[in-house]
Protein chains: 2
Amino acid sequence: MDVIRSLGEISLGSRLKRVSDTLMKQTQELYTDQNIDFDPYLFPAFYNIVKREQTTNNELIDALKTSQPAVTQTIKKLELRGLIDLTPDPIDKRKKTISPTPTGTKLFQRLSPIWEILDRTVKEFTQLQSDSLLAHIDHFEQALRSGTLMQTVKERIQKELTIEIKTHEPSLSKAFYDLNIEWLETYFYVEDFDREVLSKPQQYILDPGGHIFYAIEGGITLGTVALKRIEDNLFELTKMAVSPEARGKGVGQKLMQHCIGFAKEENWKALLLYSNRILENAIHIYRKYGFEEIPVEPDSPYERSNIKMYLPLN
Amino acid sequence: MDVIRSLGEISLGSRLKRVSDTLMKQTQELYTDQNIDFDPYLFPAFYNIVKREQTTNNELIDALKTSQPAVTQTIKKLELRGLIDLTPDPIDKRKKTISPTPTGTKLFQRLSPIWEILDRTVKEFTQLQSDSLLAHIDHFEQALRSGTLMQTVKERIQKELTIEIKTHEPSLSKAFYDLNIEWLETYFYVEDFDREVLSKPQQYILDPGGHIFYAIEGGITLGTVALKRIEDNLFELTKMAVSPEARGKGVGQKLMQHCIGFAKEENWKALLLYSNRILENAIHIYRKYGFEEIPVEPDSPYERSNIKMYLPLN
DNA sequence: TATATTTGAATAAGCACTTATATAATTAGT
DNA sequence: ACTAATTATATAAGTGCTTATTCAAATATA
């Protein structure tokens with residue numbers, strides 16, 4: 001028997017604290033589960049700091065409705081974690097200006113989709129047709145203690161936030177075209193031949209024995225890559241494109257990993273690719289995965305390439 | 001701007017904790033205000049112990065849904081305050097049996113009506129037509145922070161739990177009769193003459209220059225007392241009766257205090273009273289207020305009296 | 001201009017919980 | 001019957017808040 005529950009509104013204080021503790025603990029477990037080093041107690045302060053871009057201690061006190069030492073202590077923790085920067089105000093030397101570090105902003109971006117799911121799911125689970133606060137608390141605590149709430153959150157994260165690699169199917173042709181055109185428009189220019197190849201992946205990539213892969217998250221295609229057959233066991237990694245919204249999430253690396261794994265399984269001899277030296281980040285990643293620069297042949301098939309890389313397998 | 005409020009369900013944990021803290025603090029203030037030495041954090045454990053009459057540590061852990069050390073620590077505090085007794089179990093020497101002390105039971109009785117008001121008022125203030133938990137929390141926090149909730153609680157305590165002394169008016173005649181008859185039936189027996197006097201207070205007490213007072217709490221008459229004129233400045237304290245439900249609340253003492261104060265203001269010489277030695281508690285209180293025993297006259301007007309007491313004023 | 005007051009932030013200590021661990025007493029297993 | 005496992009409670013240390021106090025810089029006041 002849960003006596004606190006039956007005590008009614010007098011024990012509401014203890015009740016609320018108990019529910020808060022449970023929720024915090026489960027949220028902490030969720031972060032750990034997702035391999036994210038974050039503390040739910042830091043959330044309100046952190047969220048505020050990142051959203052405002054630049055804050056002061058006093059603004060936070062006002063926003064969080066907690067005591068000044070609580071804010072000072074929380075900021076200290078955030079600073080220790082390297083998520084925020086504290087710089088003394090040049091005019092008023094007592095003040096400190098609080099702003100997120102690049103690490104902080106990055107973590108924020110990583111956490112945002114999880115928070116969105118958490119928010120949505122909690123909202124769903126806390127909906128109840130009742131005019132009594134206690135009934136709502138009961139209902140919520142039940143959802144928490146039974147574990148169904150966090151179970152649902154995890155399932156949704158799994159479903160919506162896991163990047164999954166799919167092989168080509170006709171319905172993905174449009175994504176293949178769009179992603180690559182966007183990429184070309186950003187870094188180079190689109191030629192008629194590009195449009196021709198990209199609009200007919202079957203004819204230009206698959207039929208000659210190649211493969212196309214897609215990175216899909218929650219039904220949205222974030223990136224694509226193709227493996228074009230050169231010889232029976234030598235393939236060219238090409239047509240890699242990641243949607244602008246998804247950049248920085250490691251989509252390109254996921255596609256790369258998949259291609260290398262696939263190539264190894266097929267017992268191919270090697271992979272090669274053509275790129276351009278201005279794409280420093282991309283080349284850095286190619287090197288990371290073991291590609292090594294080799295001379296570009298004089299009759300290179302690509303005008304915009306000025307570097308050729310090679311990855312021997314096995 | 002209250003950013004936590006606008007953060008939505010992700011910050012629900014922080015929100016709940018904040019509301020809990022505020023509620024606990026305000027409840028503590030309420031107790032202090034009422035001159036009651038109690039701690040709202042002890043409530044769930046204390047309530048359980050008193051209600052069950054006898055418990056064990058383990059039962060409490062199960063009931064309160066908190067950790068074992070939390071229970072052990074809370075019990076320790078209750079013991080330090082003298083509200084509970086911890087006796088080792090004679091069979092299993094590891095176990096401790098927890099039971100309320102008389103002081104604990106007394107405090108519980110004193111607190112119960114306050115808890116009833118608190119419960120009722122919180123229930124009222126937390127009623128809201130909304131299916132969202134967050135909206136309920138918002139609504140409740142508003143009521144807490146604005147102070148209206150506790151203001152209402154205090155007003156109700158003042159109105160319902162303050163014992164107030166009123167002078168006679170015809171509508172109170174029935175209470176005068178009922179309270180005294182109940183008292184007589186309990187301790188002695190009711191004679192016809194008693195019924196005659198008690199049913200006609202105007203004729204027997206007031207018209208000859210006497211007074212009747214009532215102790216009233218929340219519209220309920222808890223006790224009564226009469227001052228019967230013997231001489232112009234000598235009055236007899238008589239017809240004191242307290243309803244069985246209200247015994248132990250100090251109603252008799254309140255009436256006594258009022259009578260003495262009244263007598264002093266009227267510049268009377270003295271008060272006297274007749275009682276019976278079997279009513280030890282009553283006589284103890286009379287002595288406490290300064291009454292001293294004097295010989296009973298041979299022609300005492302009361303058959304059931306065997307002690308006469310006298311209180312000189314000024 | 002010198003002193004008093006206010007303000008922003010830090011520190012200390014306390015409180016109610018937590019987890020981890022220790023210390024008994026009791027029960028189970030062979 | 002004797003060791004091993006379990007159970008009941010206590011203690012220690014940590015966490016996130018609190019209030020009270022301290023300290024330094026800025027502002028007000030005379």
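Please read all numbers here as calculations on a predicted model, not as lab measurements. Chain naming here is simple, since letters A, B, ... match the order of the sequence lines and numbering starts at 1 in each.
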Practice prompt. Would you mind checking if B/E217 and B/K254 are paired as a salt bridge, meaning a charged N to carboxylate O distance below 4.0 Å?
Written response: no
Fill in: Distance in angstrom units between B/Q68 CD and C/dT19 P, rounded
11 Å
Practice prompt. Round to a whole Å and report the spacing from CG of A/L64 to P of C/dA9.
Written response: 14 Å
Discussion item. Does B/K95 have more than 12 heavy atoms from other residues, nucleotides or ligands lying within 6.0 Å of its NZ?
Written reply: no
Practice prompt. Round to the nearest Å and state the distance from A/E59 atom CD to C/dA9 atom P.
Written response: 10 Å
Discussion item. Check the phosphate of C/dC17 against B/T66, side-chain N and O only, distance under 4.0 Å to OP1 or OP2. Yes or no?
Written reply: no
Practice prompt. Please state how far atom CG in B/N58 lies from atom C1' in C/dT26, giving the value in whole angstrom units.
Written response: 14 Å
Item to complete: Starting at atom CG of B/D21, determine the distance to atom P of C/dA16, rounded to an integer number of angstrom.
Response: 11 Å
Worksheet item: Can a donor-acceptor pair be found between the side chains of A/Q151 and A/E155 at a distance below 3.5 Å?
Response: yes
Worksheet item: 5'-most contact on DNA chain D: A/V71 or B/T56, nearest heavy atom basis?
Response: B/T56
Worksheet item: With a 4.0 Å cut-off, would you call A/R120 and A/E160 a salt bridge?
Response: yes
Worksheet entry | Pair B/Q68-B/T72, side-chain donor/acceptor within less than 3.5 Å | yes
Worksheet, complete the sentence: By nearest-heavy-atom nucleotide on DNA chain C, the more 5' of A/K25 and A/P69 is A/P69
Discussion item. Output the rounded distance in Å from CG (A/L60) to P (C/dG8).
Written reply: 13 Å
Worksheet item: Under a 4.0 Å N-O cut-off, is there an ion pair linking A/D119 with A/K123?
Response: yes
Fill in: Side-chain donor or acceptor of A/S20 paired with backbone N/O of B/G13 under 3.5 Å
yes
Worksheet item: Would one find a side-chain N or O of B/N57 under 4.0 angstrom from OP1 or OP2 of D/dA8?
Response: no
Worksheet entry | Residues from residues 72-87 of chain B lying under 4.0 Å of DNA chain D - heavy atoms | B/T72, B/K76
Item to complete: Please state how far atom NZ in A/K65 lies from atom P in D/dC17, giving the value in whole angstrom units.
Response: 16 Å
Worksheet item: Can you find a side-chain donor-acceptor pair between A/Q28 and A/Y41 that sits under 3.5 Å?
Response: no
Discussion item. Please give me every residue in residues 88-101 of chain B whose heavy atoms get under 4.0 Å of an atom in DNA chain C, ordered by residue number.
Written reply: B/I91, B/D92, B/K93, B/R94
Worksheet item: For A/S146 and A/Q142, does a side-chain donor sit closer than 3.5 Å to a side-chain acceptor?
Response: no
